[in-house]
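Here is the structure we will look at.
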Amino acid sequence: MRVVPRAQPRPLPGRGFSVLPEGAAQMSEKIDYKATLNMPRTDFPMRANLPKREPEQLKAWEEMDLYNLVQRATAGRPKFVLHDGPPYANGDIHLGTALNKILKDIIVKHATMAGYDAPYVPGWDMHGLPIELRALKDMKIDRKQIDPLELRARCYEYAHHWLNVQREQFKRLGVRGDWENPYKTVTPEFEAKEVEVFGAMAAQGYIYRGLKPVYWCPHCETALAEAEIEYAEKTSFSIYVRFPVVDARGRIPEGSYLVIWTTTPWTIPANLAVAVHPEVEYGVYPTGKGTLVIANALAEKFFQAVDLPAVEPAATLKGAELEGITYRHLLYDRVSPVILGEHVTTEDGTGLVHTAPGHGHEDFEVGQKYGLPVLNPVNDQGVFTAEAGPFAGMFIEKANPEIVRALDEAGMLLGQGKIRHQYAHCWRCKNPVIYRATVQWFVRVEGFMDIAKEAMNHVRWIPEWGYNRMYAMIDGLADWCISRQRAWGLPIPILTCSSCDEPSFEPKMFEKIAEIFRAEGSDAWWKRPAEDFMPEGGLTCAKCGGRTFHKEKDILDVWFDSGSSHAGVLETRPELTWPADLYLEGSDQHRGWFKSSLLTSVVARGGRPPYKGVLTHGFTVDEQGRKMSKSLGNVVDPADVIKKYGADILRLWVASTDYRHDMALSENILKQVADAYRKMRNTLRYLLGNLYDFNPETDMVERDDLLEIDRWQMHRLQEVIGKVSEAYRNYEYHVVYHTLNNYCAVDLSAVYLDILKDRLYTSGATSRERRSAQTVLYHVADALIRMLTPILSFTAEEAYGYLPKPADSPATCQLLMMPQVDPTYLDEDLAAEWEKLMEVRDAVQAVLERARVDKKIGSSQEAAVHLYASGGEGAWAELLEKHLAELPTIFIVSDVKLFVGGQSAPSGTYFGEGPGDLTVEVVRASGDKCERCWNYRELGVIEQHPTLCERCAGVVLAQNLEEA
RNA sequence: GCGAGGGUAGCUCAGUUGGCCAGAGCACACGGCUGAUAACCGUGAGGUCCCGGGUUCGAAUCCCGGCCCUCGCACCA
């Protein structure tokens, strides 16, 4: 075995080191050697105190007019347009809205730093029922008694109030955007564009007016689109009713009864038929309550429900044979037919379906087939009209028990009970809705469904399943009911012939309306007479030639507003482009904004979608994966998070979780994110602290002059930059987060920075080895700040303020470019060597720990390490021999000895296995503790400094010389 | 009921075309340091990879069947 000799660690020649001057520094007593060290210095605080500091940062950004500053600086670059989906201007923002805006901000900021001109124009959805309802409530006035213009003015005011509140809340998140000039669906320009979109759709025949049953909210007194419905538990009546047969057509016994079941007694007055399935078997059952016709499959259930003894059917026949039989409606003395319907099932009820064409979708359809009238004896408020006879004037819910009683008195009621089931409710006012046939305006979606589907092929869906989801959404979509019987919205821009009631779709009319709205806003619809909206030369009815028209009274569904934003915003703002590069919303918007935007766009813009890409995120849930709800008490309010932790923590949380799935947030998770934040912040702080005397313009060390470990770190940095850049480009921010978190915690804090301490602190301040380290620290800090800017906008800006930088650096890190991989620093061979050295380091630390547990050593500098390698074939000996001089600093021990070629390594208490053929031994370091660098060395080699090792004494002497 | 997505350590995430004892960071426990100090370093203990079958020499990864969560759709006479 031979002992490999190791040169004494000596500083490399550099500016900070000079040959010992003769007789220098005579005074060595009582020197405060700590003062001779280059300890980190920075004012960048360890404690973030974000809740207090962030508002100050916001003010600074405002003072520099950050948004416009960036826009001016990026003018002329290729555009990247993220089009903001407008939140509804009602109420405070919640976690979902905050998350959405933060994601958008990360994307936009990254796009800017990736070389794009990325304007961001935030917007608000300002019209709609909830705002109107709130305004009415505040005014404490019945809507019938108020002038629509006055109501609209109040709504306008109310919506703007919430716009202002939300704008401040969004700004507080650090979101960069044109907050001074957001888009609003109520601006005249927007309204004019929306009219044009509507006109383009109408001109192509995709808008029509028709009588159909639609969802109707009696509370809000308006029609609703399917998208405005939500299902909730409701207790309803469950009644069985018999209708006496009038004309049995010889198929069933005279005097039989047809039995139906319903959960909505109030629809009985509108009953105009009983539907049966042609293939279902029906039985004629002689019972104590008459001879009853019901489906055989449901007979048993029925008898149980109405408490009748079960009996066998006297006869059985197919539904088809029942067609044409008539029965009498005892409450109204009306005779109606039995009809056939494929929609009839034997899952519930009796297999005979009470049919009221005015109150059911399928009832309506089948009624059309049989030429049944559409009876709708219910008014806008859900109150029975005169057509309902004795029930006129009653609210339908109130009338229910009355109708049940009347049925009983008429001998029609066989049984009654209650049932809890899912029932449609108004998503705005949460009251049960009804199905009610009225005249409404529709978009004929069926007519262009195929165009919409084709357009979807030209969109990048992220994640990819968004395509399938959207396709399923569009496929088989029912016509879109767009009229609302309300005041707070864009009026349906249609003039109707006063003599024959035919609506006009004259393109020039739409142009005229748009022109007036553009100048005056849509209030003009209420202010001006119909004639004003006619084109030059007036309007002639296409049907009857009439020349007198009146204005449509309904307004448009708010989804039509936001669905027109691509035209109203992207086409009207010079800084934006149509189509948008990206739409980004929660996955529920497949049925909302993504859909409504696509529909208006493919019709009004020649089959083209309004977006090139659609990115969706999941919903916020709690740690157990349950949705956040008030009743569960697991709701996280972004305002609370900001108050307690700061917006950067919320932003980091957004980045940390994979938003394609549900995103969990809880106090526990927040704490974890805050910990990760602290690690990154402290790493930044340490980097900055060691750059206090570094000027990147004069002190930078060239690549080839860097120490080897420093070159290795530069290699690692390039790898991190590459991975982070790719993750950013793929919108995978959780990968950015994990990569940077790992890099800070492991590569930097635990390894590189720890190893560097000795060199940074003890070397001459301007020595080459210290400058070499600082050069890397500068590159790392600079790159870290850039990579963190889109996410930790506040903290990155703060750190940027403390970073020494070239004179021509921009005022904000948001104007920097993302770091680029510098291939000249990539060195795979070097990295492979150092990764092996790190393996040895791990093994050494394991043995050191054993010695530490036994109190043989405390600090690792109290130890020396012996490495035994068998030598020969093994590359380990060669590798270690090559790096022998640096090994003590790598292991942070005072000495390392390498023994090569022994038959077998010795063994004992503080031995351990290393990688390959290595054996590691830890012994106590010989020599004494250098007062300055704390390594164990031979002291007093230079007599002026008897308590220092040779290296430190040299550095101190040189310092004294410089001061002198 | 149908469709989509998901279910890997306490938490956030990796696990490439199936193949070394399933990984990382954080949190946790224990220890060190006191020259990053309301910091820093080390060591360690944590997993029936939702469950049950199957294919295979071999499955967290493929197939079948369940369960649970989220979103959407449909039904709700």
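Throughout, protein chains are lettered first and strands after them, A, B, ... in sequence-line order, and every chain is numbered starting at 1. Quantities reported herein were computed from a predicted structural model and do not represent experimental measurements. These values consider heavy atoms only, across backbone and side chains, with no hydrogens, waters or symmetry-generated copies.
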Salt bridge flag under 4.0 Å for residues A/Glu862 and A/Lys929: no
Touch class at under 4.0 angstrom, heavy-atom based, for A/Glu931 against every strand present: base
Sugar-phosphate, base or nothing in reach of A/Ala472, heavy atoms under 4.0 Å: nothing
A/Glu464 atom CD, neighbour heavy-atom count above 12 within 6.0 Å: no
No-H, no-angle donor-acceptor pair, [X] side chain to [N] base, under 3.5 Å:
{"X": "A/Thr42", "N": "B/A36", "answer": "no"}
{"X": "A/Ser749", "N": "B/A36", "answer": "yes"}
{"X": "A/Arg47", "N": "B/A38", "answer": "yes"}

Under 4.0 angstrom between A/His661 side-chain N/O and B/C69 OP1 or OP2: no
Interface with RNA chain B, restricted to residues 649-660 of chain A and to heavy atoms under 4.0 Å: A/Ser656, A/Thr657, A/Asp658
Charged tip of A/Arg469 within 45° of A/Phe594 ring normal and under 6.0 Å: no
P spacing across the pair B/C75 / B/C57, given as an integer number of angstrom: 50 Å
Closest nucleotide among B/G42, B/C11, B/A36 to the A/Arg852 side chain: B/G42
Residue whose closest nucleotide on RNA chain B lies nearer the 5' end, A/Gly858 versus A/Ala676: A/Ala676
Euclidean distance, atom NZ of residue A/Lys856 to atom C1' of B/G31 [Å, nearest integer]: 16 Å
Whole-Å distance separating the NZ atom of A/Lys34 from the P atom of B/A36: 9 Å
B/G10: syn or anti, per glycosidic angle within 90° of 0: anti
